[in-house]
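Scroll down for the structure; my scribbles are underneath it.
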There are 2 protein chains.
Amino acid sequence: MASSHAFASQIDVARRAGVSAETVSRVSHGSSAVSERTKQKVLQAMNELEYRPNGAAQALKRGSFQTLGVALFDLRSTGNLLLLRAISESAALKGYSLTVQIVPHSKKVTLTDIYTHMRPQAVDGMIIILEQTMPDLEEFSPSPVLPVTIVTSLTTPHASTVDSDQEMAGRIATTRLLELGHHSVWFVSGPSDSIASQCREKGWRTTLIAHGIQPPTMLPACHGDWSPNSGYEAGCALARIPDCTAVYTANDAMANGVIAGLKDHGKRVPEDVSVIGEDDSLKDFEPHVRLSTISEDWTQVGKYAVAMTVDAIKNHRMAPRHELLPCQLIDRATTAPAPAES
Amino acid sequence: MASSHAFASQIDVARRAGVSAETVSRVSHGSSAVSERTKQKVLQAMNELEYRPNGAAQALKRGSFQTLGVALFDLRSTGNLLLLRAISESAALKGYSLTVQIVPHSKKVTLTDIYTHMRPQAVDGMIIILEQTMPDLEEFSPSPVLPVTIVTSLTTPHASTVDSDQEMAGRIATTRLLELGHHSVWFVSGPSDSIASQCREKGWRTTLIAHGIQPPTMLPACHGDWSPNSGYEAGCALARIPDCTAVYTANDAMANGVIAGLKDHGKRVPEDVSVIGEDDSLKDFEPHVRLSTISEDWTQVGKYAVAMTVDAIKNHRMAPRHELLPCQLIDRATTAPAPAES
DNA sequence: CTTCATTGTGTTAACGATAACAACTTGCGT
DNA sequence: ACGCAAGTTGTTATCGTTAACACAATGAAG
């Protein structure tokens, strides 16, 4: 007899309908051959007892949870958001639920920490959205029985990775500015431990060097922290450099700050200085966005992350894959040809 | 023998260490009396076999999943984001994991749809973050065996609810503008099916009426859709109303648009027109935010949502509770005393 | 009136972990 | 030598579900 505090089980339903548990199971799954009369009896009993199948028992029998674990560090960044949404959609399409773990990113956690924390959880595979560099990225080696896909632009020997190509972003932005006739390009970075920022910087640096240009030394003020105010400081500092006519900024929030800083020091954008940002996150907050930027295809990244994880679940002992997906320049109103020499 | 594609079970570990399964379980839990020698043997076997306890089996035995389901419609809104983070933190503190379900908000889903979709999932309780009005809000009645907390400013007879007090937000903003000497206050709404926008509008409307002021008819352009561009349209329309010296806008993105629209039509903010927004979401995208706004305490809302759900899980057949948490005016640079009569 | 497919239903035995108990060591006191 | 507690380990049964099989009942074909 089902007490008031417990769930009704299959057996309770079976008793009530005067059938066996297996028959209830068969009705639950809609499948197999059950006579119409029995089916109705069972369905009625299910309703009366508010029966819901016990997911744990099903998972135990099935041997899988149909669930992916997602670990991420912060939701404030637009990229992570869109990515989470894309992962959710793709996972749903493949019949997987999502268990989300938001890791406080102040702590000095390692990949292994995150992994061992999720290991005992009810998940069949994991996606780790990696923001900062991790000391154990090289050694990290997930067990083949619980595969992991890491979303990052770095590659690791023992786990699959996928990301929007951040280095390409740096290359595209820098190349575009050089094409416009600028003699060099200044860079405003994100936090020093941000992988995305590091890769964007590398793209910027290598492109300049490939064009035979010595990358300008980065001022202290140009080491930002993603915040618009840190961008403002950078803008103020860059305004004092007469040569500086082109800036690539590691995100749009800081780019907004850079532009404000430049303007407050008498520089016009784009007439005096061109600015390219990254992530196209302003359109939800400002009317008529003017900022030229790089847009990333997070939907695609999410799709890949889920697909790679599910593949690895179905086929353990699969070799790690590494995917980098292209991003795109959105040329708006903050980029212009270099001003004439003075 | 553990085959290459399957997880090692407790029994595999037991065999390897030459002990019984129960002993492995005891070592797993760190508890009970196990001799040091045996413990080491077991730990070694665990490592060698990469053992991880089967969450499904544990949940089945325990009778609970230690997991909360969270259903939400969109992650783009700042509120939902902060809320999800707060829920995640509170849940972790109480030993619960989170299964997140992002419901495509284009569809005409009902609360019952969401509930029945999550019912068979491996969750002990649910939190539904409700954005839009739902046709079945009145009738919706979750089973006591799977309690639900709905995050919404509306109340329902059969389920617990909690939210930041949206009506209060409308009252605070409107009251502040009236205190500054404005004769009336105009409102720019969000989408018509948004519960938050409806409540904010109600707070605005009742406050005006309480001061003996007939709320101005809402222009078609003042029915926005949260986007800054829709706010811009509203700003353009309001600029043509000479009486209009104070505007309360249902979110900050639209407020940004309203200000741009007003300025483009020769109105100064705040000298000619005062503007108050809502949600304080701009500080991550703009340096030196000037917009006066209402800030909501999502951390607190999340804490309540988790606490209420967990309480209901521990004590089924608990009466539904309804909580509304206070919000706060942040008075910055877009509010000023009403201009002198012309 | 058998024989044999067909259809519907019940029975058994797992899945992996663990509470509750039983059983076996020790070491100590008498 | 005996009894008894304390410490350690093994056994059994169970959580809810379902695959695989066993078994009835029915009807059609020979």
Side-chain angles (χ1 to χ4, degrees), chain A residues 1-3 5-43 45-46 49-66 119-124 145-146, chain B residues 1-3 5-43 45-46 49-66 119-124 145-146:
Chain A
M1 194 169 310
S3 78
H5 64 280
F7 302 91
S9 78
Q10 219 175 50
I11 295 178
D12 298 321
V13 176
R15 264 200 280 272
R16 178 129 188 162
V19 298
S20 75
E22 175 63 22
T23 303
V24 176
S25 170
R26 284 194 263 251
V27 173
S28 254
H29 291 269
S31 64
S32 296
V34 182
S35 77
E36 192 57 31
R37 223 169 53 86
T38 319
K39 191 171 161 187
Q40 289 309 325
K41 272 194 303 185
V42 172
L43 285 175
M46 281 179 168
L49 296 175
E50 297 191 316
Y51 169 72
R52 86 182 167 120
N54 183 314
Q58 288 179 319
L60 176 56
K61 196 86 214 339
R62 196 192 314 130
S64 82
F65 305 93
Q66 293 301 106
R119 256 176 83 95
Q121 301 274 3
V123 299
D124 304 316
V145 294
L146 183 62
Chain B
M1 191 171 307
S3 79
H5 63 283
F7 302 91
S9 78
Q10 218 175 51
I11 296 179
D12 298 323
V13 177
R15 264 200 279 270
R16 178 129 190 163
V19 297
S20 75
E22 176 63 22
T23 302
V24 177
S25 169
R26 285 194 264 251
V27 173
S28 251
H29 292 268
S31 64
S32 296
V34 182
S35 75
E36 192 55 35
R37 223 170 53 85
T38 317
K39 191 170 159 186
Q40 290 309 325
K41 271 195 304 184
V42 172
L43 285 174
M46 280 180 169
L49 296 176
E50 297 191 316
Y51 168 72
R52 86 183 165 120
N54 183 314
Q58 288 178 319
L60 176 56
K61 197 87 214 338
R62 193 192 318 128
S64 80
F65 305 93
Q66 294 301 103
R119 256 176 83 95
Q121 302 272 3
V123 299
D124 303 317
V145 296
L146 184 62

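So that the names make sense, note that chain A is the first sequence line, chain B the second, and so on, each numbered from 1.
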Do any side-chain nitrogens or oxygens of [X] fall under 4.0 Å of OP1 or OP2 in [N]?
{"X": "B:S28", "N": "C:dA17", "answer": "no"}
{"X": "B:Q58", "N": "C:dG16", "answer": "no"}
{"X": "A:T23", "N": "C:dG10", "answer": "yes"}

B:D124 side chain to B:S64 main-chain N or O, any donor-acceptor pair under 3.5 Å?
no
With sugar-phosphate meaning primed atoms plus P, OP1 and OP2, does A:T38 contact a base, only sugar-phosphate, or nothing at under 4.0 Å between heavy atoms?
sugar-phosphate
Base, sugar-phosphate alone, or nothing: which one does B:V19 contact when heavy atoms must sit under 4.0 Å apart?
sugar-phosphate
Determine to 10° how strongly the helix from C:dC1-D:dG30 to C:dT30-D:dA1 is bent, judged from the axes of its five-pair ends.
70°
On DNA chain D, more 5' by nearest nucleotide between B:A21 and A:S25 is B:A21
Looking only at the side chain of [X] (C-beta and beyond, no hydrogens), which of the listed nucleotides [options] gets closest?
{"X": "A:P53", "options": "D:dT17, D:dT9, C:dT11", "value": "D:dT17"}
{"X": "B:L60", "options": "C:dG16, D:dT18, D:dT11", "value": "C:dG16"}
{"X": "B:K61", "options": "D:dC15, D:dT17, D:dT8", "value": "D:dC15"}

Please evaluate residues B:S20 and B:T23 with respect to the criterion side chain to side chain donor-acceptor pair (under 3.5 Å), reporting the C-alpha separation (whole Å), side-chain torsions for both, the decisive distance (0.1 Å), and the verdict.
CA-CA 5 Å; B:S20 75; B:T23 302; 3.2 Å; yes
side-chain contact (heavy atoms from CB on, under 4.5 Å) with B:V24: of B:V42, B:T38, B:D12, only one passes, and it is B:V42
Nearest heavy atom decides the nucleotide; on that basis, is B:E22 or B:A57 closer to the 5' end of DNA chain C?
B:A57
Whole angstrom is fine here: how far is it from CD1 in B:I11 over to P in C:dG16?
7 Å
When the distance from CZ of B:R37 to C1' of D:dG7 is rounded to whole Å, what number comes out?
15 Å
Under 3.5 Å, is there an N or O donor on one side and an acceptor on the other linking the side chain of B:R26 and the base of D:dG10?
yes
Could you report the tightest heavy-atom contact between B:S28 and B:Y51, atom names first, then the distance?
OG-CE2, 3.8 Å
I need the A:Q10 CD to A:E22 CD distance, nearest 0.5 Å.
7.5 Å
First locate atom OG of B:S9, then atom CZ of B:R52, and finally report the distance between them rounded to the nearest 0.5 Å.
13.0 Å
